[in-house]
Amino acid sequence: MLIRPAARRSLPLAFPRENSLTRHQLPSRCPSFQATRRLLVTRSEARPRQRTSALAGHGPLHERSLATAMDETLYPYSSTLPPMVPPRSFDIRYFDPSAPLLIKYKQDPLPRTRMTPNAVPGDVEAALSVFDACLQVDQLERAAIVLKRLEALQHGLLPDDMLTLHNRYLRANIDRFIGQPSIKWADSMQRWYECRIRGPRLPETTETIACMLKIALLSTNESDRLERLVHRYMEMVPDAGTEMLQQYMNVILTPQDVSKITEFCPEYKITFDESEAVDCQPLESTDESLLESATNTTALPDMPEVRAVNQKGFGLNTLRSVLSFFSELQGQDLSKLSLSERREFQSQLERDCVDAAIRRWREENEALKKIGKNAAISAPALNAQLYEWHCTLETKIKEEFDLFEESEERTSKTAEDQDRCLVAPFMRQSKPDRLAAVTVMSVLNTLTQHGVDNGVALSTCLNYLARAVEEDVKTQARDEESAARKAAWKTRTRQAMETPSSSVTPPDAILSEASSNVVEVTQFDPKTWPVLIRTKIGATLLSAFIDTAKVVVGREHPDTQEHITQVQPAFAHTNVTKKGKKIGMIMPNKYLVDLIKTEPRADFLARHLPMLVVPQPWTKFDKGGFIEFPASLVRIKNGEKDQKIYTEAAVGRGDMEQVSKGLDVLGRTAWRINQPVFQVLLEAWNTGEEIANIPPANPSLTIPAEPESCGDPTERRQWLKEVKAIENEKSGLHSERCFMNFQLEIGRAFKDQVFYFPHNMDFRGRAYPIPTYLNHMGADHARAILIFAKGKELGESGLRWLKVHLANVFGYDKASLKEREAFTMNNLDNIFDSTDNPLHGKRWWLTAEDPWQCLAACFEVKAALQSPDPTKYVSHLPVHQDGTCNGLQHYAALGGDLWGAQQVNLEPGDRPADVYSAVAELVKESVAADLKEDSFLAKAVDGKISRKVVKQTVMTNVYGVTFIGARAQVQKQLDAAYPHIMEETGIPSRLLAQYVAGKIFKALGTMFRGAHDIQYWLGECAGRVCRALTAEQLEQINSSADLQERKTGKRSRTQLSGPKESKEPKETAQQRRKKAMDQVNAQFRSTIVWTTPLRMPVVQPYRQAAIRQIQTCLQELNLRVPDRFDPVDRRKQLQAFPPNFIHSLDASHMLLSALECSDLGLDFAAVHDSFWTHAADIDVMNRVLRDSFIRIHKEDVIKRLATEFEARHKGSYYLAKLESGGELENILQQYRKKSKQNMKDELVQETERLRLLKSQDPKEVQRGREMETPTTIAQAYAGSHSASGDIDEDMAEIGLGHIPSSEAIAMADAASNHDGDEETYETEPKPKRKAAKSKALPPNSDIPDEAAHVRELMGMTAFESLMKGKKATVPTGARASYVWLPLTFPELPKKGDWDVTRLKDSQYFFS
């Protein structure tokens, strides 16, 4: 990789360099410097003490033996360092699970206060964002007000953070007054320094001294005064500070400044090193040979136009506008241009979205005016009116900008003034014309995406709009930063060339290992707009848009039949009632609905297109992929912060090196359009017929005749239901066709180009291409039109695999490899006919499982066989190797399960095993057994059980599908295969699906017992973690109790953060217990965190987000605002952990394989557990896939996870549920009758006991040993008894093959019918519904679909089912009992003897 220098401005994060590991600094104001500032710092002294043996403390769970020897790149858990062997890129790096990455927050969450009269938010995070925005727009006076407010907070920021803000404020003042300094300004800055920094004794840094030196040098030319100031500030520089001061050369101090300082203070030897200011930007090296064969393709006739879907909206036109410059390049290959030219094309694509929209709107508007038409009153479609909307909205926003100044100048501010002062610095970071354009595009996109018939929730619209504005502002800032960096690079490069001694600083992308596993972070992210700010900005823009957007509605006068027009608002804000709550809605005008209701979403399209150059390598969390458009390494949803914080910390430590390089490998794969297949696809599309997966342009769906109004009301309800279903189907088909229209337009634009797909990943590590519309993870047609840009000769092996691939995509993939190869050779006539006459011949390819991919394989096979030497044919077609239910493969390897390994092709065999067929056979056997018992359900499904019916349920069961979800999957398959099953059997398909799903779950529980045990163990671990308090929380509770004792002389038993207890005398003992328990539950913040084999931290994001009321200019909103200090959602955490853990393993397997394939020179692509490469390289890739899987599972992954959990949750206590009616529960009840303590009091008492035991005073230690608490009672009892209780109801659905009780099924059905509305961003607290207790049924028990039960359900409504479910679960008065226990984890499930290295000989592992 070539490196070119660019301006590097690397700033320290804290005062002295030797202390930079212990202080945190907020980002710099200057965008040029933000890229190098880190929010995360490592505390070397915070590293936990290493045990002499990392295995100590596990006890019986570590009797679990490894099935194979350890790989040479893996090391046993110990505190010793691994051998210094240079690892290969695909070797699994050493990871010590006893010292995982731990995140420590510098301070607890700060309380939220009221907004000040000067419109400074009471929320510290919002205030920091306002401060940052004020610096960005040069509102230094308001920034000073915010800074003073932060100083005045009783529990404010830490001194280091306050100093960072002061430094940024000083530097912003220097930037403003550098051209016109004055004595008055300098005096004000010196007073600020003395009163705000020096007076409060903030820990000054060399950056502070550098700022004050610069202010002194700018302020006066009086030699005596200047010398006096310079001497004073230089004396404040700490030891070795002059060396650290040099890092601010060319950042704050210029060479002339240094010369002046040296003149006054010659004793300080300060040198100017020009290389300090040099940055490096990696240049991509292109391998021209990579694309050489791609350009020698057979010339094809000109590509016809894509038949457009009848779309009256703006999406398709926007796309065509963005792609218009490709039309000028027909037949030209941009890959032949220079790298700089291609990068310029790519940058233009990424930047041009908003500008292109404005330009197109203006051109269409001007075109109408030229022919004498007014777009506002005569335009037949929406497109021509968008420019009028944009102009009027721009004028309105300009007026709002003027009101900003008036509101800021008022001394007494109204609520409206405060809102304007709050949003002003953020909106001023953009321009009115761009704000107007983004608003128009975002609102219309949101309506299109969520459906325009019923409008869109106000909160949803505000959220999308504000995020779009924030993204656009950040994009503009990045553009400015990039321009400044390029200019600085030119200057510094020229100076560096003139200075022979200067050297180029190595790139900062190289990450180094950190010495500690504890990373200290701040809870604040001022660069991300808080929900309060976003909501108010969105409301301001949306309100202006509603006021200005108009449409011309034409109607025929009822009497005169004269056509009249009227100007009406395009949108209206109203309130509707949903689920008993008032929800704000944005309703489009009915005329507008007719224009856009069938339009697919038209997001910022250019940023969702493939790239014309190799994507940028990932070097930071937000640096990689696209050149200009910001993307994140990990996809973060709903404002979740945990995963981002852990990922940034891991990136800073170098832990994400393999993961990021694996994504780079996927992004470097070059693609082209498969033009022969694209020609056929385009021809099929333009016919408008339903061909393969192409929906028809005009579907023939007949609406049934309307029944008489005086007839049976049930018939009319059924008719309305059928009409709605038909309308939904029509709308769905049209949306599919619109989306395919987008894909074909993109394919046609890129048909002559080489392009790339940048990748990022979700929080589990699963990789996805960032371009949305056209990529290799799309549907069958999208995959078929993509080929590798680089070709490779087939060879004997490649020719064989090409034939096998054709059989696979046809659907003949369960036979042996020889039989698949023979299948292709036996169908050569059909293959040749498919390529010669694809749409008018025998259409054999349309009978395939994946018809378009089959057609692509037909073209490739024919071309190879008709070449002079088929083995020399240069093939570009990706050949796939698919895993056999990849999740079950990992479970079988984790459990050493021989039976499971045989079912999923881990164990060598002569023929491929098919787990789906095996499960189907077990279901058939069970149905046959029920037939002998004369079961009418068995009679109804007899002969209808197939591999296809069970496949989706088997595939998704391992990933956490519930029984209700499995029933829906089976019902879908039954309805598709037997649409009249209700008429034939008299039984609803839903109940038949419930019967079949129960049989599938029983079969899975029997076949994969090892997987069931591991799932259950994972869920039980998650359950304990989610009811745990960390050692830091316990210490905080103890400290609060100590403080209370010092103040009152009595030790408080109730010092636990949370809602204050009411002192109302009427409060009962039960109410007090419940309130105390609620306070305890609010403290359960420990989410599930684990580390993948590639050292990526995975954080589950499921929390119970708090609801916050925000008043806007439109209405008051109740919004769910996620925060990492919210309590976890225990049920979601438990149910999601097993499937997410398996996803993280298969993601690691894919990335590890990608790295090795790249090292071996293979082109590689992946769709989760389907891996693609050239036919000639399949044998090599197959070996890589097996070796990577073995490397992951050679280590006992579950034991490593247990070790990590123990280290991560060391010192934690969890709330353990006791066996109902057990002896221990009775003992504790007797104790609690005497103590009169609730769970919160018992926790405080236990923390006091721990404090005494850790004391240096022997008397206190003795007191601690003598204390009796519920914990000591439970620990003493556990010596000879079991303290574990019944499984919680939310633990029941964890295990593989769990079947819930009939009451739970009825409750779930009724709840889904009652709460089926789409969840919106705006919400209110919901009353908690008591769920039915659901215990897992053993595999041989009767499932809840016996004949009597089913007959009963057939005659019940959902309401009756709900009432019956409630009646069946009336509480009996028994109350669950809990006790605080040290957090330990259950014994590991026993591992089988299957040896994972046997996988090397399995030819059907991936095939």
Side-chain angles (χ1 to χ4, degrees), residues 6 8-11 13 25-41 103 129 132 136 279-282 346-347 350-351 429 467-482 484-485 507-511 519 521-522 524-530 534 604 607-608 611 615-657 659-664 667 758-763 765 767-771 1096-1097 1099 1101:
R8 180 182 187 184
R9 299 187 174 184
S10 179
L11 299 182
L13 301 182
Q25 295 283 327
L26 295 176
S28 166
R29 169 183 180 264
C30 180
S32 303
F33 309 140
Q34 291 168 8
T36 58
R37 285 189 168 272
R38 293 184 181 178
L39 289 174
L40 309 173
V41 293
I103 297 299
S129 295
D132 179 79
Q136 297 289 346
D279 193 4
C280 295
Q281 293 180 351
Q346 179 61 39
S347 297
E350 295 175 26
R351 288 193 305 258
Q429 295 180 56
R467 287 185 182 275
V469 172
E470 181 182 9
E471 183 180 276
D472 188 63
V473 166
K474 291 181 177 180
T475 300
Q476 294 178 70
R478 283 173 177 259
D479 292 343
E480 294 174 3
E481 176 186 352
S482 177
R485 191 167 55 242
D508 59 0
I510 300 174
L511 303 174
V519 175
V521 302
T522 179
F524 307 116
D525 182 10
K527 293 300 177 184
T528 300
W529 295 359
R534 285 207 309 265
F604 297 94
R607 298 170 185 170
H608 297 275
M611 294 185 66
Q616 296 285 86
W618 287 102
T619 57
K620 296 180 182 178
F621 180 84
D622 57 353
K623 189 174 182 181
F626 290 109
I627 297 176
E628 304 284 348
F629 176 63
S632 59
L633 178 63
V634 179
R635 300 183 177 196
I636 305 296
K637 294 183 179 180
N638 302 324
E640 300 291 347
K641 299 179 181 179
D642 288 327
Q643 185 63 54
K644 180 180 179 182
I645 290 170
Y646 270 89
T647 303
E648 288 180 329
V651 169
R653 286 164 44 89
D655 290 344
M656 299 288 287
E657 179 186 8
V659 171
S660 59
K661 287 184 177 179
L663 294 176
D664 294 342
H759 283 65
N760 61 2
M761 55 191 172
D762 63 15
F763 72 94
Y768 297 88
I770 301 177
M1096 173 185 174
V1099 187

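These numbers come from the heavy atoms of this one structure, side chains and all, not from hydrogens, waters or symmetry mates. Remember, predicted model here, so these are calculated numbers, not experimental data.
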K.L.:
Please name the pair of heavy atoms, one in Pro615 and one in Gly667, separated by the smallest distance, quoted to 0.1 Å.
P.N.:
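Scanning both residues completely, I find the closest heavy atoms to be CD-O, 3.2 Å.
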
K.L.:
Are the side chains of Met656 and Pro1097 in touch, meaning some heavy atoms are under 4.5 Å apart?
P.N.:
yes

K.L.:
OG1 of Thr647 to CE of Met1096: how many Å apart, nearest 0.5 Å?
P.N.:
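These two atoms lie 5.0 Å from each other.
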
K.L.:
Using side-chain hydrogen bond (donor to acceptor under 3.5 Å, both in side chains) as the criterion, list what pairs up with Glu470, not counting sequence neighbours.
P.N.:
Lys474

K.L.:
Assess whether side-chain contact (heavy atoms from CB on, under 4.5 Å) is satisfied between Thr528 and Lys644, documenting all intermediate values.
P.N.:
CA-CA 12 Å; Thr528 300; Lys644 180 180 179 182; 4.0 Å; yes

K.L.:
Working note: Ile636 + Phe621, criterion side-chain contact (heavy atoms from CB on, under 4.5 Å); need CA distance, chi angles, decisive distance, verdict.
P.N.:
CA-CA 11 Å; Ile636 305 296; Phe621 180 84; 4.0 Å; yes

K.L.:
By side-chain hydrogen bond (donor to acceptor under 3.5 Å, both in side chains), which residues pair with Asn760, not counting sequence neighbours?
P.N.:
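Expected list: Arg635.
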
K.L.:
My understanding is that only residues two or more places apart in sequence, or in another chain, count here; which of them pass ring pair (Phe, Tyr, Trp, His ring centres under 6.0 Å) with Tyr768?
P.N.:
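Expected list: His1168.
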
K.L.:
If I compare all heavy atoms of Phe763 with all of Val1099, which pair ends up nearest, and what's the gap?
P.N.:
CD1-O, 3.4 Å

K.L.:
Show, in sequence, the C-alpha distance, side-chain angles and deciding distance for Ile627 and Met611, and conclude whether the side-chain contact (heavy atoms from CB on, under 4.5 Å) test is met.
P.N.:
CA-CA 9 Å; Ile627 297 176; Met611 294 185 66; 4.2 Å; yes

K.L.:
How long is the span from the CZ atom in Arg534 to the CZ atom in Arg467, to the nearest 0.5 Å?
P.N.:
4.0 Å

K.L.:
Would you please name every residue forming a salt bridge (Lys or Arg N to Asp or Glu O under 4.0 Å) with Asp642, sequence neighbours left out?
P.N.:
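Asp642 satisfies salt bridge (Lys or Arg N to Asp or Glu O under 4.0 Å) with Arg1103, Arg1124 only.
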
K.L.:
Can Met761 and Leu633 be said to form a side-chain contact (heavy atoms from CB on, under 4.5 Å), step by step?
P.N.:
CA-CA 7 Å; Met761 55 191 172; Leu633 178 63; 3.9 Å; yes

K.L.:
Who are the side chain to side chain contact (heavy atoms under 4.5 Å, CB included) partners of Ser660, not counting sequence neighbours?
P.N.:
Trp618

K.L.:
Go through the structure and list residues passing side chain to side chain contact (heavy atoms under 4.5 Å, CB included) with Pro530, not counting sequence neighbours.
P.N.:
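Side chain to side chain contact (heavy atoms under 4.5 Å, CB included) list for Pro530, sorted by chain: Glu125, Ala126, Ser129, Ile533.
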
